[in-house]
Amino acid sequence: MDVTRNQRTISAPATVEGVGYWSSRDVRLEFRPAAIDTGIVFVRGDLPGSPRIPATIANRTETPLRTVLRSGAAGVDMIEHVMAAMAGTQVDNCEIWVNQAEMPGCDGSALPFVEALQKAGIVEQSAKRAKLHVRHVTRLGDERSWIEARPSWSGRTVVQYELDYGGGNAIGRQSLEILLSPRFFHLNLAPSRTFMLESEAAALQAQGLGLRTTFQDLLVFDAQGPINNVLRFPDECVRHKIVDIIGDLALAGCDLVGHFVAYRSGHRLNGDLVRAILAEGEAGQTPLKRCA
Ligand SMILES: [Zn+2]
């Protein structure tokens, strides 16, 4: 049943510390409670004046392989797993204070962020959460990679992903369709980790990136499987791609109710889809409150 829910925040601050995958820098992240209609706002506590960077699609800056936000001179980097944790646990209003641009990589999953939010306690607020129903079919991309938004006949959000790494490696093809709920997200999606092929990891390290990242910090696959690591789910890779989509769709700033189908899509296409859905929403309906 499609019940309009109340906005939520956390009842106390919570911290996550770690190392940025790309920057190799130590970072401390603190989730703080926030008032109704604040949305998710990153705050660069390390910069003069503590600049605020709202997590909206308008602040998204295209960067390969990850999601980056920028507002004025300040930016935050690799936010997609943090945003997936916010959307997956339905924490709508939160300030996220950081002392570096890049979020902690942790184990490559959204789980450390989900656990920190759950430990702090998630509380309802006395205002409704804006939501936007997908009314039309919108498809972006080409035959190599695409993403599509369709109306959801159940009134629930469904995400379907097909991963295709071709042959000759241990990732191969995986597909999964999920019905999104906080409990399902916590148990079945949040633990799934970032992954790449050994050749991709070597190319990044040759550029001086990920120098403090080990085979235990994410999944690196050779022809046999993950190197020095054990899968948490047989289809962990496709689960992680769904986590990335959930994090990217969260930049809408409201609940998107739709059936999302993707084939090999990445952060750029996911972000473009959010823009297209918001444009359609503004033209066709009045949400409870304007989305981002
Ligand atoms: Zn990811």
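Order of appearance sets the numbers: ligands from 1, and atoms from 1 within every ligand. Position 1 is the first residue of the sequence; numbering continues from there. Computation of the quantities below employed the complete heavy-atom set of this structure, encompassing side-chain atoms and omitting hydrogens, waters and symmetry-equivalent molecules.
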**Prompt:** If you draw the axis of the six-membered ring of Trp22, does the NZ or CZ of Arg66 fall within 45° of it and under 6.0 Å from the ring centre?
**Reply:** yes
**Message:** Counting only heavy atoms not in Arg44 (residues, nucleotides, ligands), do more than 12 fall under 6.0 Å from its CZ?
**Reply:** yes
**Message:** Report the atom name of the nearest N/O/S atom of His81 relative to the Zn ion (ligand 1).
**Reply:** NE2
**Prompt:** Is the Zn ion (ligand 1) less than 2.8 Å from at least one N/O/S atom of Glu80?
**Reply:** no
**Message:** Between Gln160 and His259, is there a side-chain donor-acceptor contact under 3.5 Å, judged purely by atom types and distance?
**Reply:** yes
**Asked** If the Zn ion (ligand 1) is the vertex, what is the angle to OD1 of Asp244 and NE2 of His240, rounded to 10 degrees?
**Response** 110°
**Prompt:** So, Phe195 versus Tyr165, ring centres under 6.0 angstrom or not?
**Reply:** yes
